[in-house]
Amino acid sequence: MNRCDWVTKEPLYIEYHDKEWGVPVYDDKKLFEMLCLEGAQAGLSWWTILQKRENYREAFDQFDVEKIAQYTEEKLQALKENPGIVRNKLKIQSVVTNAQSFLRIQKEYGSFSNYIWSFVDHKPIINEWKSIKEVPVTTEISDRMSKKLKKYGFKFVGGTICYSYMQAVGMVNDHTLECFCHPTHSSK
């Protein structure tokens, strides 16, 4: 079975690639979680964050956006001391800031899903890359998304993070053509 070249033999990585990466997500809670995790990845590898994902879920109240938006300084301090997550104070604070911005978008657009999926006209972009080397790190869409999210006050949402996010939540399908997860293969 062929997979994208970036996948290692680690079962957790295989599971993520086969069942999550590139699969469209419309649930606001899951969209928020993935945005937070992609931001945590900045400067690190996705593998580092993927291994800590359960710790993140526990530490951040299962990514309950309303709870996170109300975090106190005491809660932030406890998170900074949590060895199960990346203890970068700016990244931890960004989850709270992003929760507040996320709630504003939900109120304005009815859901975050409606807003974020509008960047791709509410349907996934299916790319046809032969090699992972062809896959861009940013696109015009991810750069535009980054600028718009920053205007709402989001942090850790540069163009590269936004493109990784788009891949993770299936707004973009960047499985290579030989990968069994590419939509041209019916055996998925």
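Numbers here are sequence positions counted from 1.
The backbone N or O of Thr48 lies less than 3.5 Å from a partner atom in the side chain of Ser45, making a donor-acceptor pair. Judged purely by atom type and a 3.5 angstrom limit, Lys91 uses its side chain to pair as donor or acceptor with the backbone of Ala40. Using a distance-only test at 3.5 Å, with no hydrogens or angles considered, a donor-acceptor pair links the side chain of Asn98 to the main chain of Lys155. A donor-acceptor distance shorter than 3.5 angstrom exists from the side chain of Asp28 to the backbone of Ser113, with no hydrogens or angles considered. Remark: side-chain polar atoms of Asn55 are paired, donor with acceptor, to backbone N or O of Gly84 under 3.5 angstrom. Panel note: side chain Thr97, backbone Ser94; no donor-acceptor pair is recorded below 3.5 Å. Distance alone, capped at 3.5 Å, places no donor-acceptor pair between the Asp61 side chain and the Asp64 backbone. The backbone N or O of Lys67 sits nowhere less than 3.5 Å from a side-chain atom of Gln70 that would complete a donor-acceptor pair.
Residue-environment remark: NZ (Lys30) exceeds the threshold of 12 foreign heavy atoms within 6.0 Å.
At a threshold of 4.5 Å between side-chain heavy atoms, the hydrophobic network of Ile, Leu, Val, Met, Phe, Trp and Tyr places Leu76 and Leu103 in one connected group. Under the 4.5 Å side-chain contact rule for hydrophobic residues, Phe63 and Phe156 do not share a cluster. Placement of Val96 and Leu90 in two distinct hydrophobic clusters is found when ILVMFWY residues are connected by side-chain heavy-atom separations under 4.5 Å, directly or transitively. The hydrophobic clustering, which links ILVMFWY residues whose side-chain heavy atoms are closer than 4.5 Å, places Tyr109 and Tyr165 together. The cluster map of Ile, Leu, Val, Met, Phe, Trp and Tyr, joined by side-chain heavy atoms under 4.5 Å apart, puts Val120 and Leu35 in the same cluster.
Between Arg53 and Glu58 there is no salt bridge, since no side-chain N of the basic residue sits under 4.0 Å from a carboxylate O of the acidic one. A salt bridge links Arg57 with Glu33: the distance from a Lys NZ or Arg NE/NH1/NH2 to an Asp or Glu carboxylate oxygen falls below 4.0 Å. At a threshold of 4.0 Å, the pair Glu66-Lys29 does not count as salt-bridged, since none of the basic side-chain nitrogens sits closer than that to a carboxylate oxygen.
The aromatic rings of His17 and Phe180 sit tilted, their planes meeting at an angle between 30° and 60°. Ring orientation note: the planes of Tyr16 and Trp46 are tilted relative to one another, at an angle of 30° to 60°. Using cut-offs of 30° and 60° on the angle between ring planes, the pair Tyr115 and Phe119 is perpendicular.
In this structure, Cys181 and Asp18 have side chains that are in contact, with non-hydrogen atoms separated by less than 4.5 Å. Taking the side chain as every heavy atom from C-beta outward, Asn127 and His182 never approach each other to under 4.5 Å. Inter-residue side-chain proximity for Thr176 and Asp5 is flagged as unmet; no heavy-atom pair is nearer than 4.5 Å. For the pair Glu38/Ile161, a side-chain contact is recorded, criterion being any heavy-atom separation below 4.5 Å from C-beta on. Looking at Leu79 and Lys75, their side chains come closer than 4.5 Å, going by heavy atoms from C-beta outward. Counting heavy atoms from C-beta outward, Lys80 and Ile92 have side chains that approach closer than 4.5 Å. Proximity of Cys162 to Leu149: side-chain heavy atoms (C-beta onward) are separated by under 4.5 Å at one or more points. Tyr26 is not listed as a side-chain neighbour of Val169, based on a closest heavy-atom distance of 4.5 Å or more.
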**Asked** Does the pair Tyr152 and Gln100 meet the rule for a side chain to side chain donor-acceptor pair (under 3.5 Å), with working shown?
**Response** CA-CA 9 Å; Tyr152 273 96; Gln100 295 161 349; over 6 Å; no
**Message:** Run the side-chain contact (heavy atoms from CB on, under 4.5 Å) test on Phe60 and Ile85 for me, step by step, so that the C-alpha distance in whole Å, both residues' side-chain angles and the decisive distance to 0.1 Å come before the verdict.
**Reply:** CA-CA 10 Å; Phe60 286 96; Ile85 65 171; 4.0 Å; yes
**Message:** I'd like to know whether Met145 forms a side-chain contact (heavy atoms from CB on, under 4.5 Å) with Ile116, so could you lay out the CA-CA distance, the side-chain angles of the two residues, the decisive distance to 0.1 Å, and finally the verdict.
**Reply:** CA-CA 8 Å; Met145 178 188 293; Ile116 207 69; 3.8 Å; yes
**Message:** For a side chain to side chain donor-acceptor pair (under 3.5 Å) check, start with the C-alpha distance between Gln77 and Glu73, then their side-chain angles and the critical distance, and finish with the verdict.
**Reply:** CA-CA 6 Å; Gln77 187 57 43; Glu73 278 304 316; over 6 Å; no
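Interatomic distance, Met171 CE to Ile141 CD1, rounded to the nearest 0.5 Å: 8.0 Å. The distance from the CD atom of Glu128 to the CD atom of Glu134 is 10.5 Å, given to the nearest 0.5 Å. Between atom CE of residue Met1 and atom SG of residue Cys179 there is a gap of 9.5 Å, rounded to the nearest 0.5 Å. Expressed to the nearest 0.5 Å, how far CE of Met166 lies from CG of Asn173 amounts to 12.0 Å. The structure places NZ of Lys151 at 11.5 Å from OG of Ser146, a figure rounded to the nearest 0.5 Å. With rounding to the nearest 0.5 Å, the separation of CH2 in Trp117 from OG in Ser111 is 12.0 Å.
Between Thr72 and Glu74, the side chains place a donor N or O and an acceptor N or O closer than 3.5 Å (distance only, hydrogens not considered). Side-chain N/O atoms of Tyr163 and Asp143 include no donor and acceptor closer than 3.5 Å. For Gln167 and Asp174, the side-chain atoms include at least one donor-acceptor pair closer than 3.5 Å.
Just one residue in the list Trp21, Trp129, Trp47 forms a ring pair (Phe, Tyr, Trp, His ring centres under 6.0 Å) with Trp6, and that residue is Trp21.
Closest of all the heavy-atom pairs between Ala99 and Ala69 is CB-N, 3.8 Å.
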